[in-house]
Amino acid sequence: MKAYNFNAGPCVLPKQAIESAIEAIRDFDNTGIGILEISHRTPGWERIMAETEQLWRELLNIPDDYAVMFLGGGASTQFFEVPANLMKTKAAYLQTGVWAKKAAKEAKFYGEVEIVASSEDKTYSYIPKGYTIPTDVDYFHITTNNTIYGTEIHEDIDSPVTLVADMSSDIMSRPVDVTKYGMIYGGAQKNVGPAGVTFVIVRKDLLGNTGRPIQTMVDYRTHYTEEAKNRSMFNTPPVFPIFVMHETLKWVKEQGGLEAMYKINKEKAELLYNEIDRNPLFVGTAAKEDRSLMNVCFVMAPGHEALQDEFFKFAKERGMVGIKGHRSVGGFRASIYNACPKEAVEALVACMQEFEKLHK
Ligand SMILES: *Cc1c(COP(=O)(O)O)cnc(C)c1O
């Protein structure tokens, strides 16, 4: 049976990236040796590293005064590496979900944290508005897409202080004005690759200013020395995840880059949200204006709650995988990242319509 993958992360990747990865495991770069077995200090690998960075710079239009790094540890490790590198005394956080809350928690190890606004009162179903970003802070931290709740900050906001963004789950889904951010980071496993590699984009002049000593591996400056050789190669990089990221970004570029991705992502999301709004059996959980293009959260409409388990079963029989909502929201979540084909969204919509007919 055909499986439609709606997992939230790790999640669907482009088929051609998977095919190249399989081939590279057998034989990397015509060396006769597989990528899992080769030294990261070989020319073929150094080329992949350089190309991967180049793809990031090209797709996101990243200026030269920003460093681009590929590290280990996941976005969760960045929750403390961000304040370790950027916080002198105080930082501000926008609390739009548990990831944002976890990020703020780690920042408290390094200084004062101000929660500028929070949507915890309504299970993070909206993005707070009308807050004022304090100017006496070293940076303002946001989470652009709230993977669990299906809300998203759709614009690159103007901040009077350095803006830091966790873009784990919407990076490369739309064009971003990188110059509005001091730093952008995230785990690759939602939209740019498999689990195991973390991307960090940071403006270089922001580094080395905390006045605190910092461990070598935690210091971003360790990972981007100017000689191409040491780019994210201070220690052994996550070779295989970076390779798959390289192939994934090549695919993004072939699709036409981020403008093209954004267009198709909007079409896919509209298709699914329209069905949720039309179908009397379902209702969306996120505030309409804040609806995520990546994670679509919905539940059974009032009066139809008892049908939830039946719909799970019904959808499963039709090949839908990974549509269970996070336990804090309940119901359903369809993650429709870049590599999720429109055909999968159409199949889910058809499934919801069929289910409606059964229960008319
Ligand atoms: C998944 C996710 C994280 C956690 O990422 P890890 O790489 O597992 O540490 C952090 N922030 C957001 C927005 C996420 O979606």
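First listed ligand is number 1; within each ligand, the first listed atom is number 1.
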If you look at each N/O of ligand 1, which protein N/O atoms lie under 3.5 Å away, and at what distance?
{"from": "ligand 1", "atom 1": "7 (O)", "to": "Ala75", "atom 2": "N", "distance (Å)": "3.0"}
{"from": "ligand 1", "atom 1": "7 (O)", "to": "Gln189", "atom 2": "NE2", "distance (Å)": "2.9"}
{"from": "ligand 1", "atom 1": "8 (O)", "to": "Gln189", "atom 2": "NE2", "distance (Å)": "3.3"}
{"from": "ligand 1", "atom 1": "9 (O)", "to": "Ala75", "atom 2": "N", "distance (Å)": "3.2"}
{"from": "ligand 1", "atom 1": "9 (O)", "to": "Ser76", "atom 2": "N", "distance (Å)": "2.8"}
{"from": "ligand 1", "atom 1": "9 (O)", "to": "Ser76", "atom 2": "OG", "distance (Å)": "2.6"}
{"from": "ligand 1", "atom 1": "11 (N)", "to": "Asp166", "atom 2": "OD2", "distance (Å)": "2.6"}
{"from": "ligand 1", "atom 1": "15 (O)", "to": "Thr147", "atom 2": "OG1", "distance (Å)": "2.4"}
{"from": "ligand 1", "atom 1": "15 (O)", "to": "Lys190", "atom 2": "NZ", "distance (Å)": "2.6"}

Indicate every side-chain donor-acceptor pair of residues 240-258 with a distance under 3.5 Å to a residue at least two apart or in another chain.
{"from": "His246", "atom 1": "NE2", "to": "Glu51", "atom 2": "OE1", "distance (Å)": "2.7"}
{"from": "Glu247", "atom 1": "OE1", "to": "Ser20", "atom 2": "OG", "distance (Å)": "3.1"}
{"from": "Glu247", "atom 1": "OE1", "to": "Lys250", "atom 2": "NZ", "distance (Å)": "3.2"}
{"from": "Thr248", "atom 1": "OG1", "to": "Val244", "atom 2": "O", "distance (Å)": "2.7"}
{"from": "Lys253", "atom 1": "NZ", "to": "Glu58", "atom 2": "OE2", "distance (Å)": "2.9"}
{"from": "Glu254", "atom 1": "OE1", "to": "Gln16", "atom 2": "NE2", "distance (Å)": "3.0"}
{"from": "Gln255", "atom 1": "NE2", "to": "Trp251", "atom 2": "O", "distance (Å)": "3.4"}

Can a donor-acceptor pair be found between the side chains of Tyr124 and Asn146 at a distance below 3.5 Å?
no
Name each donor-acceptor pair under 3.5 Å that joins a side chain in residues 103-111 to protein atoms two or more places apart or in another chain, with its distance.
none

Evaluate Thr179 against Asp177 for side chain to side chain donor-acceptor pair (under 3.5 Å), listing each step before the verdict.
CA-CA 5 Å; Thr179 63; Asp177 181 357; 2.5 Å; yes
More than 12 heavy atoms from other groups under 6.0 Å of CD on Gln54:
yes
Expected list for residues 73-83: side-chain donor-acceptor pairs under 3.5 angstrom, two or more places apart:
{"from": "Thr77", "atom 1": "OG1", "to": "Gly73", "atom 2": "O", "distance (Å)": "2.6"}
{"from": "Gln78", "atom 1": "OE1", "to": "Tyr220", "atom 2": "OH", "distance (Å)": "2.5"}
{"from": "Gln78", "atom 1": "NE2", "to": "Glu81", "atom 2": "OE1", "distance (Å)": "3.2"}

